[in-house]
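Taking it in order: structure first as C-alpha cells, then the write-up.
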Amino acid sequence: MVTRDEIAGCPAWEASFADLRKDHRYYEILEDTLRERVEYRYFAIIDRAGCLHAVQPFFLLDQDVLEGLGAQWQPLLARIRGFVPGFLKMRTLMVGCFAGEGHLAGSSTVPSGKIAEILCGEIVTLARSCGAQLIVLKEFPARYRPVLYCFVRRGFARAPSMPMTALNIEHDDFDAYMQNALPRSARWQLRKKFKATDGETIALTVTDDARDAVDEIYPLYLQVFDRSKFRFEKLTADYLRRLGSDMKDKVRFFIWRRGGKVIAFSLCMVEGDSLFWEYVGLDYAVALDLHLYYYTIRDMMNWAIANGYRWLRSTGLSYEPKFRMRHDLDPLDLYVRLRSPLPNAIFRLLLPWIVPARYDKILRKFANYREVW
C-alpha cells in the first residue's frame, strides 16, 4: 500500500487506464478535489527486484451498509439506530474509483487477470492493516465477471450496483433516431415536450474547458444533487475546474444559455466511439416548464452523431426517461465481503436484499434487466 507521492512520476502509474476516459489524471483530480470523508490509497504491484509493474487505486471511508434499503425498511432502521447509532456503519476498503465505475489496472507485464489474483490473495490481510471491516470492489463492469470470479471463490458476494445505460445513436440525427428507434407514442410525447421551447432562444456552447463558467454551472449541479433520491459523491467546483485544465482531451462541457444566463449544463467524457454523460445541472426555475432534460439530450445526441460517435452512455439513476428512449442497461457489479469469516457467511445471504437495484421498479422494465444480476 502506497500514497500518491510514492508513485508520482512512475511510468506504470502514468500509463494506468490510458485507454479509458478516466485515466490516472482523473484519480489525481479526485484525490485533490473530493476529500470529504475519504482517504485515497494505492496498491503497488512490485516484483522481487523492487520494480513497480502496476498500480491499483483504492480508498477508505466509513460506509453505511444499509444505505440502499428500500423506503419500507427505513422506519425500522431509524428505530434500531436510535439505540445503536453505528449499526452496520463500517470502516470500508473500496477498490475502484470514488466517482465512477471501477477497472482493474494492468500492464504489458502484469495483465488485469493476474492483478485480480494478486489482490484476491492479499486483500483481506491488507484490509486488516487498514482497520477496515468491510471490503468492496466498487462498480466493476460486467465484462470483468470471469476474471473477478476468484473473489467469489474467496468468500465475496457479487451483487448489482445501479447500472449505467447505453443507447446506440447510429442515425443521421435525432429526428432520424426518433423515427427509427421509437414507437409513435414516444415520438409524440417527445415532440410535445420540445414545443415548450418554441419561440425560445437557447444557445449551446460545447467546450473542453469550462473554468470561466464554473461559478454559473456549479450551482445548477447542486440543484440536481439536492433533488436526487440517492446521493453518492458530491462534486466540488474545483473538480470541474481541474477537469477543464488537466483533461481537455477527454472532457466535453455542454452549456445552454437563455438570454445570456446559464440554465443547464452537462459534463460528458469521450472514450472510443462513445460519449459518456456523467453529470447534469439544471436551473429548476425554468427546467420543468421548458423540459430541459429532453432538450439537452437532443442537443447532445445531435452533437455526438455529427462528431462520429456511435453510443451515448450514461451513469446510473433517472431510469424512466432512459427506458422510454430505448436505452439498454449496462450492468455494474459490487463484490463485497466482511473481513471476519463467520459474520461474512451471513452477510453473503443478506447482500442481494440490501442493494438499491432490487428496489428500483423502473429497472425491471428494461429488456436486459436479467443481465444486471
Side-chain angles (χ1 to χ4, degrees), residues 20-22 26 29 97 99-101 103 139 141 161-171 173-174 177-178 181-182 190 193 202 204-210 213 217-218 220-225 227-235 239-240 243-244 247-256 262-283 287 291-332 360 362-363 366:
L20 302 174
R21 71 194 189 284
K22 295 180 177 178
Y26 185 80
I29 290 170
C97 183
E101 76 275 16
H103 292 280
E139 295 181 344
S161 183
M162 300 303 279
M164 298 176 67
T165 68
L167 177 67
N168 185 281
I169 55 173
E170 293 182 277
H171 303 277
D173 53 24
F174 187 86
Y177 147 76
M178 285 201 303
L182 300 182
L190 281 175
K193 294 179 187 299
I202 300 176
L204 168 63
T205 301
V206 183
T207 179
D208 56 15
D209 186 352
I217 65 178
Y218 184 65
L220 304 188
Y221 159 77
L222 291 179
Q223 287 190 43
V224 174
F225 180 86
R227 292 168 67 100
S228 178
K229 178 181 177 182
F230 292 105
R231 296 182 183 177
F232 300 108
E233 69 279 356
K234 183 178 182 180
L235 305 184
Y239 166 90
L240 299 174
L243 286 177
M247 297 190 69
K248 295 177 184 292
D249 55 325
K250 296 188 177 183
V251 172
R252 301 292 182 269
F253 292 92
F254 293 73
I255 303 174
W256 290 265
V262 175
I263 58 172
F265 91 97
S266 290
L267 166 59
C268 296
M269 301 186 78
V270 296
E271 179 184 316
D273 60 1
S274 298
L275 178 71
F276 285 78
W277 186 19
E278 303 283 346
Y279 297 99
V280 63
L282 298 170
D283 180 356
H291 297 287
L292 285 183
Y293 182 88
Y294 293 95
Y295 187 95
T296 59
I297 289 175
R298 182 178 62 179
D299 279 359
M300 286 190 295
M301 286 180 60
N302 277 329
W303 182 92
I305 291 169
N307 284 274
Y309 293 98
R310 298 174 56 207
W311 294 90
L312 176 66
R313 300 184 186 274
S314 175
T315 54
L317 306 183
S318 299
Y319 291 113
E320 184 168 4
K322 295 169 187 175
F323 170 74
R324 295 181 183 278
M325 297 184 74
R326 296 298 190 266
H327 287 237
D328 289 322
L329 297 177
D330 194 0
L332 298 174
D360 193 305
I362 302 299
L363 282 180
F366 283 80

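Computed over heavy atoms, backbone and side chain alike; hydrogens, waters and symmetry mates excluded.
Considering only heavy atoms from C-beta on, Pro163 comes within 4.5 Å of Leu363 through its side chain. The shortest distance between side-chain heavy atoms of Tyr295 and Ile202 falls below 4.5 Å. Proximity of Arg252 to Thr207: side-chain heavy atoms (C-beta onward) are nowhere separated by under 4.5 Å. The closest side-chain heavy-atom distance from Val206 to Phe253 is not below 4.5 Å. Pro141 places a side-chain heavy atom less than 4.5 Å from the side chain of His103. Using a 4.5 Å heavy-atom cutoff, the side chains of Asp283 and Leu220 are in contact.
To the nearest 0.5 Å, the span separating NE2 on His327 from CG on Leu167 amounts to 4.5 Å. The NZ atom of Lys248 sits 11.0 Å away from the CG atom of Leu243 when rounded to the nearest 0.5 Å. To the nearest 0.5 angstrom, Ile169 atom CD1 is 10.0 Å from Met300 atom CE. Atoms CG and CG, on Asn307 and Asp273 in that order, are 13.5 Å from each other to the nearest 0.5 Å. A distance of 5.5 Å separates CG in Leu317 from OG in Ser228, rounded to the nearest 0.5 Å. A distance of 10.0 Å separates NE2 of His171 from CG of Asp173, quoted to the nearest 0.5 Å.
Annotation: Lys234, atom NZ; neighbour count of heavy atoms from other residues, nucleotides and ligands within 6.0 Å does not exceed 12.
Of all heavy-atom pairs between Ala210 and Ile217, the closest is CB-CD1, 4.2 Å. Of all heavy-atom pairs spanning Leu292 and Ala264, the tightest one is CD1-CB, 4.3 Å. The two atoms that bring Tyr26 and Ala99 nearest to each other are OH-O, 2.8 Å, heavy atoms only. Contact record, Leu282 with Gln223: O-OE1, 3.3 Å, taken as the closest heavy-atom pair. The two residues Lys322 and Ser314 have their closest heavy-atom pair at NZ-OG, 2.8 Å. Summarising the geometry of Ile362 relative to Phe323, their closest heavy-atom pair is CG2-CB, 4.3 Å, with the distance given to 0.1 Å.
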### Message
One pair to check against side-chain contact (heavy atoms from CB on, under 4.5 Å): Met162 and Leu332. What are the steps and the verdict?
### Response
CA-CA 7 Å; Met162 300 303 279; Leu332 298 174; over 6 Å; no
### Task
Applying side-chain hydrogen bond (donor to acceptor under 3.5 Å, both in side chains), run through Glu271 and Tyr309 and close with a yes or a no.
CA-CA 9 Å; Glu271 179 184 316; Tyr309 293 98; over 6 Å; no
### Task
Take Val262 and Ile255 through the side-chain contact (heavy atoms from CB on, under 4.5 Å) test and state the conclusion after the steps.
CA-CA 7 Å; Val262 175; Ile255 303 174; 3.9 Å; yes
#### Entry: Verdict with supporting geometry, Trp311 and Asn168, side-chain contact (heavy atoms from CB on, under 4.5 Å)
CA-CA 5 Å; Trp311 294 90; Asn168 185 281; 3.5 Å; yes
### Message
Show, in sequence, the C-alpha distance, side-chain angles and deciding distance for Glu101 and Arg313, and conclude whether the salt bridge (Lys or Arg N to Asp or Glu O under 4.0 Å) test is met.
### Response
CA-CA 13 Å; Glu101 76 275 16; Arg313 300 184 186 274; over 6 Å; no
### Task
With side-chain contact (heavy atoms from CB on, under 4.5 Å) as the test, would you mind laying out the steps for Tyr279 and Cys268 before giving the verdict?
CA-CA 7 Å; Tyr279 297 99; Cys268 296; over 6 Å; no
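With hydrogens and angles left out, the side-chain atoms of Glu139 and Ser161 include a donor and acceptor closer than 3.5 Å.
Both tests pass for Arg21 against the ring of Phe276: distance under 6.0 Å to the centre and angle within 45° of the axis.
Checked against Leu267 for a side chain to side chain contact (heavy atoms under 4.5 Å, CB included), the options Phe254, Tyr221, Tyr239 give a single hit: Tyr239. Of the candidates Tyr177, Trp303, Phe174, Arg298 forms a side chain to side chain contact (heavy atoms under 4.5 Å, CB included) with just one, namely Phe174.
A centroid separation of less than 6.0 Å is found between the aromatic rings of Tyr293 and Trp277.
Put simply, the side chain of Tyr218 never gets that close to the backbone of Leu240: no donor and acceptor are under 3.5 Å apart.
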